[in-house]
Amino acid sequence: MQKIKNIAVIAHVDHGKTTLVDELLQQSGTFEAHQEVEERAMDSDAIEKERGITILSKNTAITYGDHKINIIDTPGHADFGGEVERVLKMVDGVLLLVDAQEGVMPQTKFVLKKAIAFGLIPVVVINKIDKFGAEPDRVMDEVFDLLVALDANEEQLEFPVLYAAARDGYAKWEMEDESKDMTPLFEAILTKVPYPKGSPENDTQAQVFTLDSDNFVGRIGITRIFNGKVKKGDEYLLVKACGSKSKSRISKLIGFKGLERIEIQEAEAGDIVAIAGFNDIDVGDSICDPLNPVALDPMHVEEPTLSVIMSVNNGPLAGQEGKHVTSNKIKERLEKEMETNIAMRMEPMGDASFKVSGRGELQIGILAENMRREGFEFMLARPEVVTKEENGVKMEPFEHLVVDVPEEFQGVAIEKLGKRKANMTSLAPMPDGTVRLEFEIPARGLIGFRNEFLTDTKGEGIMNHSYLEYRPYSGTVESRTPGALVSMDDGEAVAFSIFNLQSRGVMFIKPQDKVYSGMVIGESARPGDLDVNPLKGKALTNMRTSGADDAIKLVTPRTITLESAMEWIEDDELVEITPESVRIRKKSLDPVVRKRAARDKKNAKK
């Protein structure tokens with residue numbers, strides 16, 4: 001029987017998970033000497049490479065001595081927490097990475113809480129010990145205090161600790177030890193992570209924890225085998241989460257080695273493999289012995305907390321830039337996404353729009369960005385939180401927010417968050433001269449806050465948040481104060497007109513950009529929307545002027561990205577997304593209808 005260890009690498013965002021997996025792959029001898037490997041090899045998606053973040057959990061396998069180690073790299077953002085939850089069920093141990101300077105962060109708490117609940121013993125790796133301001137001893141105490149706060153048992157509190165700098169390729173048991181290579185970490189995995197339970201002699205039991213698809217073999221389930229063996233060509237019973245059963249043969253069995261996938265004939269208890277041959281395979285399904293089917297518990301994934309309405313682009317410029325513009329195409333694409341992404345939901349709303357729910361703005365933003373790159377054209381409304389009712393009380397999701405700001409900006413951060421119904425729970429000075437503030441805040445209060453926060457702290461503030469729980473609704477939350485500059489005509493923007501409008505606020509457009517009536521072309525310097533005409537050229541006469549024309553000096557317009565537009569818009573606005581541009585527009589393009597709606601809203605407040 002093969003000696004197998006299954007581990008997941010969990011941590012807060014940017015604490016070095018993918019870099020650590022890189023080093024383990026390099027130093028285990030999994031790659032050939034001549035093989036060239038990219039940096040952060042596990043982040044294979046284009047958006048992952050660009051942003052330097054992990055979005056989907058991915059697995060790899062390395063051979064070290066006579067052991068096979070299956071490693072799963074997980075995302076660090078709270079929005080992708082659903083990925084982490086299901087991965088933890090598949091492993092027997094976790095490597096918990098903590099930054100030696102930042103210490104314990106919200107997502108560290110979130111992932112560790114899940115790991116402790118599954119009874120896993122963490123191997124704590126204090127990473128980035130070479131960083132300026134690193135305090136490994138303080139961080140070590142923070143991790144211990146966190147485990148105590150999470151009700152860890154005696155065994156879990158006896159966790160092993162290593163000190164590492166993954167980028168430089170070394171780990172060590174004590175700070176005084178020589179900085180050589182990753183050997184201490186490999187030893188820790190082999191000695192501290194338990195072997196998989198279960199036996200190859202028992203009846204087959206396996207569970208799917210993530211999906212993949214292939215144009216030739218269809219849906220592929222990446223599966224952990226808990227008991228028995230799985231052979232290519234044999235017939236097995238697929239038990240769905242709802243209880244329905246279907247028989248099918250395994251047409252392809254794929255094993256992992258490094259970044260490659262290799263076809264294998266059979267695999268046994270404890271291993272992680274990819275299985276093809278079941279058309280309706282889904283996350284959480286069990287693959288069992290047809291003679292004695294014993295299904296495993298289906299997976300529980302936390303509910304979405306944020307939703308957004310996605311609709312067909314019906315503006316005057318619709319269909320000019322995108323390939324896929326109809327509601328049928330958008331529906332097909334969303335259904336395909338829901339197949340593999342179990343933390344998201346989608347429901348059709350009629351009138352060619354769909355309600356997409358997820359765990360945060362980033363998750364929904366990345367889906368929209370992927371669709372935009374694939375040639376889709378669509379519109380997004382302002383994100384809203386998913387509220388629910390318990391015993392007649394309206395409940396809304398709350399988040400745990402941690403803010404690191406330079407000392408001189410702590411006043412403005414506390415003031416702004418106070419207006420958004422945040423409740424401060426702790427304030428602690430950090431060794432690098434910043435202050436760490438912790439808040440409990442309604443998820444609504446965070447929508448659109450990031451840009452404002454970065455401006456207030458001159459780009460030096462860092463904010464992180466993770467889902468806390470549902471609590472009673474906390475009333476209205478202050479949102480954007482400045483109004484919008486709205487175009488009152490269709491055509492191409494003119495430099496002369498933009499020059500004259502610059503004193504009214506910040507522009508989003510440049511000369512020769514296409515605009516239409518009802519499109520938002522800038523942010524007003526004052527509250528309240530303002531209808532303006534960006535098409536007005538200079539009136540020319542045949543009289544000669546004594547002085548030459550003044551040169552027009554245009555300020556560079558503010559670039560609108562998909563995320564910043566989603567944060568900026570209000571309830572009466574939409575983001576129009578095409579493969580080439582991101583525009584902001586009013587829901588109603590008719591100025592008369594908008595004025596009437598504003599008047600009714602004002603009267604309703606009286």
Checking [X] side chain against [Y] main chain: does a donor-acceptor pair fall under 3.5 Å?
X: Ser564; Y: Ile560; answer: no
X: Ser497; Y: Asn533; answer: yes
X: Arg585; Y: Met519; answer: no
X: Glu369; Y: Gly365; answer: no
X: Arg382; Y: Glu570; answer: no

Review point. Can you find a side-chain donor-acceptor pair between Thr425 and Glu440 that sits under 3.5 Å?
Key: no
Check your understanding: Using a distance-only test with no angle check, is there a side-chain donor-acceptor pair under 3.5 angstrom linking Ser588 and Asp590?
Key -> no
Practice item. Verify the neighbour count for atom CD of Gln512: are there more than 12 heavy atoms of other residues, nucleotides or ligands below 6.0 Å? Key: no
Practice item. Assess whether atom CD of Glu408 is packed by more than 12 heavy atoms of other residues, nucleotides or ligands within 6.0 Å. Key: yes
Review point. CE of Met424 to CD of Glu438: how many Å apart, nearest 0.5 Å?
Key: 10.5 Å
Exercise for review: Look up atom CZ in Arg345 and atom OG in Ser307, then write down how far apart they are to the nearest 0.5 Å.
Suggested key: 12.5 Å
Review point. Pick from Lys586, Arg594, Lys595: which one makes a side chain to side chain donor-acceptor pair (under 3.5 Å) with Asp529?
Key: Lys586
**Study point:** Working for salt bridge (charged side-chain N to carboxylate O under 4.0 Å, His left out), residues Lys131 and Asp99
**Key:** CA-CA 9 Å; Lys131 197 173 175 183; Asp99 186 305; 2.8 Å; yes
[X] to [Y], cation-pi by 6.0 Å centre distance and 45° axis angle:
X: Lys329; Y: Phe376; result: no
X: Arg444; Y: Tyr473; result: yes
X: Arg471; Y: Phe398; result: yes

Please report, to 0.1 Å, the donor-acceptor pairs under 3.5 Å made by any side chain of residues 500-507, with sequence neighbours excluded.
from	atom 1	to	atom 2	distance (Å)
Asn500	ND2	Phe496	O	3.3
Gln502	OE1	Val555	N	2.7
Gln502	NE2	Lys553	O	3.3

Point to revise | Nearest non-hydrogen partners of Ser581 and Glu321, listed with the distance | key: OG-OE1, 2.8 Å
